[in-house]
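Right, one structure below, let's go through it.
Just so it is clear, the values below take in all heavy atoms, side chains as well, and ignore hydrogens, waters and symmetry mates. Predicted model, so just to flag it, every value in this text is computed and none were measured.
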Amino acid sequence: MAAAAITMNINTNRTTMGETLRIAVQSKGRLNEDTMRLLEETGIRISTSKRTLLVAASNFPLEILFLRDDDIPGTVADGTADIGVVGLNELEEQGVDAEIVEKLGFGACRLSIAVPKQMEYKDITSLQGRRIATSYPTILRRYLKQRGVQADIHVISGSVEISTGIGLADAIFDIVSSGSTLVSNNLREEDVVLSSEAVLIAHRGLSEEKRGVMEELLFRIRAVMGAANKKYVLMNAPRESLDVILNVLPGIKSPTVMPLAQEGWCSIHTVLDEKCFWKIIGRLKEAGAQGILVLPIESMIL
Ligand code: PRT
Ligand code: ZN
């Protein structure tokens, strides 16, 4: 009986939302975990037990195509996948034509010029005629051209950070996140050329039906991202403290206030930024708030 109900549910989804959408996701590496977590938080069930190249979701018209991140922009541009999750750095480097639909808020990093600690560096013109090692030649070439600098670009596919130490280059152009890789290789970050994060990209020629499925997915993704770091906060307070407490609370809209069975007391409910909550908790207690409950929010639809 339960199985029949589930099957019916899937079928209903498919008829109301049209075709199955194919999303390209990094098979392993830095973006895989966050992407899969985001999909899971949207309520989409994907069996990751049998790790094949193509996996279908069981309760949403979506199939996941697992690829190396380098292959994702091209696969989406040519329509083999309908949408994909990839670093903006990778998309920019490949320069393929795909629509950036949403910034996803994870995989944050930057593409920067870095030079040996002891090297004097005023600006990018200091690298005129010098050798720069990178895995991102297209973005670097464009940056140098815009600034009228001619340099020798050495394209290497990995361990770019060691290339100055071994005498292969005078400077590097590479991904920086915490900066610790640069420090441990005696390098100093100079120009930040591109700020990157994971983005959801889409094939330009999506059918109307597929675009509809993407919009449904996007709606869920935005609800999950909207709830990130937000907490649902409940507290009890004497009615006479209400004005002071409402002044302290920077809620999304006006908070809900409900009377309690005990005369002269009320319950206040609101949604707060987690960071903000820890800043104002002292003032809430001072104002007389008691029994403060802080609850996680799964998704938030504004
Ligand atoms: O196998 P596949 O080709 O799929 O993966 P990959 O090895 O090419 O890529 P992967 O998994 O390393 O990175 C995927 C994406 O994650 C990148 O394209 C970026 O958009 C994003 N990202 C975020 C990062 C980093 N942070 C990062 N720190 N990519 C790489 N790094 C590396 C960087 O190259 C350097 O070696 O980490 C080092 C620097 O880190 P810090 O923290 O020491 O500065
Ligand atoms: Zn790669």
Side-chain angles (χ1 to χ4, degrees), residues 1-10 12-13 16-17 33-48 57-62 85 101-108 178 197-198 200 212-302:
M1 187 65 188
I6 291 166
T7 316
M8 263 180 61
N9 202 358
I10 296 167
T12 316
N13 268 345
T16 51
M17 293 203 284
E33 216 174 282
D34 285 330
T35 307
M36 296 310 287
R37 188 181 311 122
L38 179 63
L39 290 176
E40 193 190 304
E41 284 171 352
T42 63
I44 295 174
R45 280 200 296 275
I46 301 144
S47 159
T48 43
S58 60
N59 58 348
F60 193 84
L62 187 76
V85 174
V101 181
E102 189 75 33
K103 292 182 174 177
L104 298 174
F106 58 83
S178 66
E197 66 183 274
L200 182 75
V213 185
M214 183 182 80
E215 290 301 334
E216 168 67 29
L217 175 65
L218 204 51
F219 176 76
R220 295 187 186 196
I221 287 176
R222 286 178 178 147
V224 169
M225 292 198 313
N229 307 319
K230 294 272 194 301
K231 298 286 172 197
Y232 191 79
V233 181
L234 304 90
M235 70 201 84
N236 294 338
R239 193 127 206 129
E240 65 208 27
S241 312
L242 192 58
D243 284 348
V244 183
I245 290 180
L246 294 189
N247 269 330
V248 173
L249 287 178
I252 286 179
K253 280 199 185 132
S254 100
T256 308
V257 180
M258 285 180 287
L260 289 180
Q262 191 180 347
E263 186 76 21
W265 279 76
C266 60
S267 167
I268 304 156
H269 299 199
T270 194
V271 173
L272 288 179
D273 219 61
E274 194 175 9
K275 268 193 231 145
C276 161
F277 172 74
W278 293 112
K279 269 192 211 146
I280 63 170
I281 178 134
R283 283 154 69 203
L284 290 175
K285 282 169 74 180
E286 248 169 54
Q290 295 179 6
I292 304 173
L293 285 180
V294 183
L295 308 175
I297 301 174
E298 258 182 33
S299 45
M300 196 163 72
I301 294 140
L302 293 173

Are side-chain heavy atoms of [X] and [Y] found at a separation under 4.5 Å?
X	Y	value
Leu38	Phe106	yes
Ile44	Leu217	yes
Ile221	Leu104	yes
Thr42	Phe219	no
Val233	Ile268	no

| said: If the threshold is 4.0 Å, N to carboxylate O, is there a salt bridge linking Glu216 and Arg220? | reply: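 Result for this pair is yes, salt bridge flagged.
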
| Does the Asn236 side chain pair with the main chain of Gly291, one donor and one acceptor, at a distance under 3.5 Å? |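 Between the backbone of Gly291 and the side chain of Asn236 there is no qualifying donor-acceptor contact (under 3.5 Å).
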
| Under 3.5 Å, side chain of Ser241 to main-chain N/O of Ala287, donor-acceptor pair present? |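 The answer is yes, because a donor-acceptor pair under 3.5 Å joins these two groups.
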
| query | Is the count of non-hydrogen atoms from other residues, nucleotides or ligands lying under 6.0 Å from Glu33 atom CD greater than 12? | reply |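 No, CD of Glu33 has 12 or fewer neighbouring heavy atoms, counting only those of other groups under 6.0 Å.
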
| Partners passing salt bridge (Lys or Arg N to Asp or Glu O under 4.0 Å) against Arg222 (at least two apart in sequence or in another chain) |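 With neighbours one apart ignored, the set is Glu102.
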
From [X] [atom1] over to [Y] [atom2], what is the distance, rounded to the nearest 0.5 angstrom?
X	Y	atom1	atom2	value
Ser267	Met258	OG	CE	4.5 Å
Asn247	Leu242	CG	CG	10.0 Å
Phe60	Ile46	CZ	CD1	10.5 Å

| query | Do you know the tightest heavy-atom contact between Met300 and Ala227? | reply |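 The pair with the smallest heavy-atom distance is N-CB, 3.8 Å.
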
| field | Asn59 versus Gly43, closest heavy-atom pair with distance | value |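 What the structure gives for the nearest pair is ND2-O, 2.9 Å.
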
| Qualifying salt bridge (charged side-chain N to carboxylate O under 4.0 Å, His left out) pairs, either residue in residues 257-283, two or more places apart |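 Found Lys230-Asp273.
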
| message | Holding to side-chain contact (heavy atoms from CB on, under 4.5 Å), I want the full list of residues that pass it with Ala289, two or more places apart in sequence or in another chain. | response |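 Ala289 satisfies side-chain contact (heavy atoms from CB on, under 4.5 Å) with Met235, Ile245, Leu284, Ile292 once adjacent residues are dropped.
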
